[in-house]
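Just below is one structure, and these are the notes that go with it.
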Amino acid sequence: MNEGFDWNAAGDALPLLLQGFKVTLLATVLGTLVAAVLGLAIAVAGRAPTRFVTVPVKMVMEFIRSTPLLVQLVGAAALFTSVEPLTIGIVVLGIHYATYTSEVYRAGIDGVPKGQWEACRALSMTPRRTWQAVILPQAVRNVLPALGNYAISMFKETPFLAVITVQEMVFEARKYGGDHFAYTEVFTLAGLVFLVASYPTSLLMRKLEKRLGH
Amino acid sequence: MSDFFSAFAGDLPRLSSGLWVTLQATVLGALLALLLSFVLGLMSISRLLVSRGVSRVVVEFFRGTSLYVQLFWLYYAMPPLTGYELTPLLCGVIAFGLNYGAYGAEVVRGAINSVPRAQYEAAVALNMTPLHRMRKVILPQAWVQMIPSLTNLLIQLLKCTPLLWLISAADLMTAIEKLRSRTGETLTAYVTLLACYFVLAYALTLLMNMLERSAKRRLGLASGGKSLLRSRSAVTAPAAGGAR
């Protein structure tokens, strides 16, 4: 058993980790996009006038939100063996987070003053145009900081993708660690990379929230 | 399908011991997280710069490095570095506790800051000591504010426990994984597993709703029995990279 921190191994592993980090970023960005679009769709569907739509939507969301992402990932990967792991990872991450972002959108839509809806009716706008031109532009601006927060949390959960053999940073770390018996070095480095990447974003989000007066 | 459920019935002892490991990790992790949330949260509103600084650094550190990495660091990286080896369950409890404690600290800080300023002033005017003021005036009001966010964190923590499978603790996921590979019933196995976690999550939510109701009662805020069945809301994320 090697004692202490082996700097050579750390220097050796860093390029590999950074290469994996690109996949981590890619999964985060695409996953966030899926979550942002799907969440909006769920939020709009949740305001449908009939309960035949709203109640099932709410139940499915509650189920997805209350069950572990890891199980959903592993289950999806075991069922759809022909699909590429990265695609499964992005879709599952996106769906999981859409159940959260939809609540954010819902709050944002509820935050648009009632007078705006009434004005649209008075101008006899179609529902589609009301959403497009009046409600969504105001709602989306209010929810941006909260969406940013979910993007950061998603970033920190991308290591889950390693379990379904997506070659992101932690996957590379485990592989290198196993091959060279250098778990200490690679996991310390991986943690530092996460810290370096997420701390400035978290500072930026805080600034943005203060500016928007939350 | 029937294959799976007969195997399920035959495997009940192992499944229930898996459930026990999952529950232990959740409850012990949550207790550690709660303790840390209060310690770090109270430190972050202290007047001393040192205590605020220490709390800030610890919170940012444990929120900034991913839980997954923390858990693996404790399990794989710590033994060669320090010579101490923790059991998988203990690794889980410590990692979950530290990570969610850091998120919880922000919840505690936010809730205490949201107690109206006049309450502090009234307590000062009544010549209460700082400890008395905190215990009798501020915390009971802040506690009611905290519970919904803490419930969310608790469910998050429960949802992280399948990670124990990866560090070979015999938790619920491990037990059902074994069943799955023996019977080959992939879909049934994972749906069963998801259903188990859903039931656990809902039970914990009910418990927390009961806690919230009794905390509200103590402040003279009655809420009807129907509030107990309410599900969690997802939009309690506190500022800046906060918990979901």
Side-chain angles (χ1 to χ4, degrees), chain A residues 1-5 58 62-63 65-72 74-75 78-79 97 99-100 102-104 106-107 145-146 148-150 152-153 155-160 162-163 170 173-174 177 181 183-188 190-192 194-199 201-203 205-206 209 214, chain B residues 60-61 63-83 99 155-156 158-163 165-166 172-173 176-177 180 186-187 189-191 193-202 204-205 231-244:
Chain A
M1 189 174 267
N2 63 336
E3 299 283 330
F5 195 91
K58 205 172 147 41
E62 187 66 29
F63 187 78
R65 207 194 296 149
S66 301
T67 51
L69 176 65
L70 185 66
V71 179
Q72 291 165 3
V74 174
L79 287 176
Y97 274 82
T99 62
Y100 291 98
S102 73
E103 294 270 315
V104 172
R106 196 179 55 114
N149 278 342
Y150 285 119
I152 299 175
S153 342
F155 170 63
K156 282 176 236 163
E157 277 188 10
T158 47
F160 282 54
V163 182
V170 173
R174 278 176 83 182
F181 210 78
Y183 282 118
T184 315
E185 292 77 14
V186 285
F187 280 119
T188 309
L192 286 178
F194 268 104
L195 191 63
V196 168
S198 74
Y199 185 57
T201 352
S202 137
L203 278 184
M205 292 309 301
R206 191 168 307 168
E209 266 169 38
H214 279 284
Chain B
E60 288 298 342
F61 181 80
R63 289 201 320 180
T65 54
S66 168
L67 169 64
Y68 192 107
V69 176
Q70 288 160 14
L71 185 66
F72 273 63
W73 197 90
L74 280 178
Y75 187 68
Y76 285 115
M78 206 185 73
L81 205 60
T82 61
N99 194 272
I155 304 299
Q156 293 297 326
L158 169 71
K159 281 165 54 183
C160 284
T161 54
L163 280 175
W165 166 56
L166 299 174
L172 185 62
M173 176 146 182
I176 292 197
E177 255 313 304
R180 180 191 74 93
T186 305
L187 186 63
Y190 286 123
V191 170
L193 186 55
L194 286 175
C196 290
Y197 280 109
F198 181 74
V199 170
L200 282 180
Y202 206 76
L204 286 177
T205 309
S231 57
R232 298 168 298 122
S233 81
V235 272
T236 38
R244 283 159 297 127

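Every chain is numbered from 1, with letters handed out A, B, ... down the list of sequences. We use all heavy atoms of the structure for the numbers below, so side chains are in, but hydrogens, waters and symmetry mates are not.
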- Item | chain B contact via Thr201(A) - which portion, at a heavy-atom distance below 4.5 Å | neither
- Examine whether an atom of Val196(A) lies under 4.5 Å from a heavy atom of chain B, and if so say whether it belongs to the side chain, the backbone or both; otherwise answer neither. neither
Heavy-atom proximity to chain A below 4.5 Å, by part of [X]:
X	result
Tyr75(B)	neither
Leu163(B)	both
Glu177(B)	side chain

Gap between atom [atom2] of [Y] and atom [atom1] of [X] - 0.5 Å precision:
X	Y	atom1	atom2	result
Leu67(B)	Ser153(A)	CG	OG	12.5 Å
Arg174(A)	Leu166(B)	CZ	CG	6.0 Å
Glu60(B)	Leu203(A)	CD	CG	6.5 Å

- Item | Partner chain B: residue of Phe160(A), Phe194(A), Tyr199(A), Tyr183(A) with the largest heavy-atom pair count (under 4.5 Å) | Tyr183(A)
- Message: Is there a side-chain contact between Tyr190(B) and Leu79(A) in this structure, where contact means two heavy atoms from C-beta onward sitting under 4.5 Å apart?
- Response: no
- Side chain proximity check, Val71(A) to Met173(B), heavy atoms < 4.5 angstrom: yes
- Task: Determine, stepwise, if the pair Lys159(B) / Thr67(A) fulfils side chain to side chain contact (heavy atoms under 4.5 Å, CB included).
- Result: CA-CA 6 Å; Lys159(B) 281 165 54 183; Thr67(A) 51; 5.9 Å; no
- Message: Restricting to side-chain hydrogen bond (donor to acceptor under 3.5 Å, both in side chains), what partner residues turn up for Tyr197(B), sequence neighbours left out?
- Response: none
- Message: Tell me whether the count of non-hydrogen atoms from other residues, nucleotides or ligands lying under 6.0 Å of CZ in Phe63(A) goes above 12.
- Response: yes
Main-chain N/O of [Y] paired with [X] side-chain donor or acceptor, under 3.5 Å:
X	Y	answer
Thr65(B)	Gly191(A)	no
Ser198(A)	Gly64(B)	yes
Lys156(A)	Arg63(B)	yes

- Task: Sequence neighbours left out, what passes ring-ring contact (aromatic ring centres under 6.0 Å, His included) with Phe72(B)? Give chain and number order.
- Result: Phe187(A), Tyr68(B), Tyr76(B)
